[in-house]
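Scroll down for the structure; my scribbles are underneath it.
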Amino acid sequence: TITRAFFCCESTEISYLFFLDLLKKGHGFFTMIGVKGGAQQDKFLGGAWKIPELMAKSLGDNILLNSPVISIEQNDLNVKIFTDNKGFVAKNVIVTTPPPLTLSIDFHPPLPHRKFQLFNQMKMGSVIKVHFAFQNPFWRTQGLNGSVASTNHHLSVVFDQTPNDESIGILVGLIEGNHAIELSKLDKESRKKKLIDDLIYYFGNSAANPIEYIEQDWIKEKWSQGGYAAFMPPNLLSSCRDEISTPTGLIHWAGTETATEWMGYLDGALQSGIRAAQEIIDIQQ
């Protein structure tokens, strides 16, 4: 259950050393899973989208959308980045793609062997995220906190996502690992029915008729192919520990997988961006 909740995979797929490393970076299991005083305590007003939205306002037209990078070339003086129809020259570049997708970029010269092996063997977790809305948070009147962790149901993790004014009741749920792979094959209505059956098992018949259902299947996302982050299979961390964040010439690496704290979390992604930016600032000085 813990492996699915943190990595969205089965315990047979993941390195135990990598599992322990994540626990250390996340300040321990109870902090990582905890609501009061833990990593699950706070939410963004307006959603996590607020961070890139505010950054985009200051960057203006300098953001280029719908232009995937197909190749990166570097020499001793600069680095060149190419999309299908544009090219850019820079002093440095920061790559933040999920590790398994990084090798879809053609690098010249090729990446060092150990870094290539690292990206080639890391895997994305399998996860579907769902939200159920109800007229009110009925579970609270039943003395329940809305939190669930299950070993054998498809909807294996549930949290209370109700807004502070309780104008509506919301439960957010996660389907992970093999459960996500199984349900991803179904159509939306069939998937919804199975998940409502799980909610009824957890919270009773009051959960039978949500007023709205929203889902996000990360397995089917072209530019992530899973979530929440990439994990390492056995024997990879011990041989490639430092490669995940070590610069490759003028290419710097960021993304939550490269974080030294809160790896796999939004905090880890933010930390990695600050670190990569500081690497380039230090070079310019």
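Since this is a predicted model, take the numbers as computed values, not measurements. Scope of the values below: all heavy atoms of this structure, side chains included, with no hydrogens, waters or symmetry mates.
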Requested in this report: Name the orientation class of the two ring planes belonging to Trp262 and His27 (parallel below 30°, tilted from 30 to 60°, perpendicular beyond 60°).
Outcome: tilted
Query raised in the report: If every non-hydrogen atom of Gly268 is compared with every non-hydrogen atom of Ala259, which pair is closest and at what distance?
Result: O-CB, 3.3 Å
Requested in this report: Report yes or no: does Glu13 contribute a side-chain atom to a donor-acceptor pair with the main-chain N or O of Glu10 at less than 3.5 Å?
Outcome: yes
Query raised in the report: Are Asn205 and Ile200 side-chain neighbours, meaning at least one heavy-atom pair lies under 4.5 Å?
Result: yes
**Report entry** Residue pair Ile219 / Ser184: nearest heavy atoms and the distance that separates them
**Finding:** CD1-CB, 4.0 Å
Report task. With the side chain counted from C-beta on, respond yes when Val172 and Val130 share a heavy-atom pair under 4.5 Å apart, and no when they do not. Result -> no
Query - Check: Ser190 side chain, Leu186 main-chain N or O, donor-acceptor pair, under 3.5 Å - result: no
Report task. Taking atom CG of Asp76 as the centre, report whether more than 12 heavy atoms of other residues, nucleotides or ligands fall under 6.0 Å from it. Result -> no
Query raised in the report: Under 3.5 Å, is there a donor-acceptor pair linking the side chains of Asp267 and Gln271?
Result: no
Query raised in the report: Where do Pro233 and Ser15 come nearest, in terms of heavy atoms and distance?
Result: O-CB, 3.4 Å
Query raised in the report: If Ile, Leu, Val, Met, Phe, Trp and Tyr residues are connected whenever their side-chain heavy atoms lie under 4.5 Å apart, and connections chain through other members, are Val148 and Leu171 in the same group?
Result: yes
Query raised in the report: With a 4.5 Å heavy-atom cut-off, do Arg191 and Ile128 have their side chains touching?
Result: yes
Requested in this report: With sequence neighbours left out, write down each residue that passes ring pair (Phe, Tyr, Trp, His ring centres under 6.0 Å) with His154, or none if nothing qualifies.
Outcome: His179
**Report entry** Polar side-chain atom of Gln121 near backbone of Met232 as donor-acceptor pair, under 3.5 Å
**Finding:** no
Query raised in the report: Can you check whether Leu270's main-chain N or O pairs, donor with acceptor, with Ser272's side chain at less than 3.5 Å?
Result: no
Report task. With the side chain counted from C-beta on, respond yes when Ile70 and Ile105 share a heavy-atom pair under 4.5 Å apart, and no when they do not. Result -> no
Report task. Considering non-hydrogen atoms only, spot the tightest contact between Asp198 and Leu155 and give its length. Result -> OD2-N, 2.9 Å
Query raised in the report: What pairs with Phe88 under ring pair (Phe, Tyr, Trp, His ring centres under 6.0 Å), at least two apart in sequence or on another chain?
Result: none
Query raised in the report: Ring centres of Phe132 and Tyr213 under 6.0 Å apart?
Result: yes
Query - CG on Asp84 to CG on Asn66, rounded to 0.5 Å - result: 11.5 Å
Query raised in the report: Linking I/L/V/M/F/W/Y whenever any side-chain heavy atoms sit under 4.5 Å apart, do Ile170 and Phe159 land together?
Result: no
**Report entry** Side-chain donor/acceptor of Arg114 to backbone N/O of Ser239, under 3.5 Å
**Finding:** yes
Requested in this report: State whether the number of non-hydrogen atoms from other residues, nucleotides or ligands found under 6.0 Å of Gln216 atom CD is greater than 12.
Outcome: yes
Query raised in the report: Under 3.5 Å, is there a donor-acceptor pair between the side chain of Lys115 and the main chain of Glu243?
Result: yes
Query - Thr256 side-chain N/O to Tyr265 backbone N/O, donor-acceptor pair under 3.5 Å - result: yes
Query raised in the report: Quick one: do Val79 and Phe107 end up in the same hydrophobic cluster if we chain Ile, Leu, Val, Met, Phe, Trp and Tyr together by side-chain heavy atoms under 4.5 Å apart?
Result: yes
Query raised in the report: What distance do Ile63 atom CD1 and Lys57 atom NZ have between them, rounded to the nearest 0.5 Å?
Result: 12.0 Å
**Report entry** Heavy-atom check, side chain of Glu257 versus side chain of Phe231, under 4.5 Å
**Finding:** no
Query raised in the report: Same cluster or not: are Tyr202 and Leu174 linked, directly or through other Ile, Leu, Val, Met, Phe, Trp or Tyr residues, by side-chain heavy atoms under 4.5 angstrom apart?
Result: no
Query raised in the report: Is Ile244 reachable from Leu103 through a run of hydrophobic residues whose side-chain heavy atoms are each under 4.5 Å from the next?
Result: yes
Query raised in the report: Considering only heavy atoms from C-beta outward, does the side chain of Phe6 approach that of Phe29 to under 4.5 Å?
Result: yes
Query raised in the report: Between Lys193 and Glu189, is the closest basic N to carboxylate O distance under 4.0 Å?
Result: no
**Report entry** Residues Asn92 and Glu279: side-chain donor-acceptor under 3.5 angstrom
**Finding:** no
Requested in this report: Hey, could you give me the NE2/CD1 distance between His108 and Ile72, rounded to the nearest 0.5 Å?
Outcome: 10.5 Å
Query raised in the report: Between Glu215 and Lys129, is the closest basic N to carboxylate O distance under 4.0 Å?
Result: no
Query raised in the report: Counting distance only, does the side-chain N/O of Arg275 pair as donor-acceptor with the main-chain N or O of Trp253 below 3.5 Å?
Result: yes
Query raised in the report: Is the number of heavy atoms from other residues, nucleotides or ligands under 6.0 Å of Asn164 CG greater than 12?
Result: no
Requested in this report: Could you tell me whether Lys25 atom NZ has more than 12 heavy atoms of other residues or ligands within 6.0 Å of it?
Outcome: yes
Query raised in the report: Between Asn78 and Lys91, is there a donor-acceptor pair closer than 3.5 Å when you use the side chain of the first and the backbone of the second?
Result: no
**Report entry** Over 12 non-hydrogen atoms of neighbours within 6.0 angstrom of CG in Leu59
**Finding:** yes
**Report entry** Ala5 backbone acceptor or donor facing Tyr228 side chain under 3.5 Å
**Finding:** yes
Query raised in the report: Rounded to the nearest 0.5 Å, how far does OG of Ser126 lie from CG of Asp217?
Result: 9.0 Å
Report task. Specify the closest pair of heavy atoms between Ile94 and Ala276, including all atoms of both residues, with the distance to one decimal. Result -> CD1-CB, 3.9 Å
Query raised in the report: Do other residues, nucleotides or ligands put more than 12 heavy atoms under 6.0 Å from Asn235 CG?
Result: no
Query raised in the report: Hey, is NZ on Lys43 packed in by over 12 heavy atoms from elsewhere, all under 6.0 Å?
Result: yes
Query - Pairwise distance CZ(Arg4) to CD1(Ile175) - rounded to 0.5 angstrom - result: 12.0 Å
Query raised in the report: Which atom names give the shortest non-hydrogen contact between Ile196 and Ala207, and what distance separates them?
Result: CG2-O, 3.9 Å
**Report entry** Distance (rounded to the nearest 0.5 Å) between Phe116 CZ and Cys240 SG
**Finding:** 12.0 Å
Requested in this report: Flag the pair Ser150 / Thr1 as yes when at least one side-chain heavy-atom distance between them is below 4.5 Å, and no otherwise.
Outcome: no
Report task. Give a yes or no on this: more than 12 heavy atoms of other residues, nucleotides or ligands lie within 6.0 Å of atom NZ of Lys220. Result -> yes
Query raised in the report: In terms of the angle between their ring planes, are Trp139 and Phe134 parallel, tilted or perpendicular, with boundaries placed at 30° and 60°?
Result: perpendicular
**Report entry** Note, Val157 side chain near Glu176 side chain (heavy atom, < 4.5 Å)
**Finding:** yes
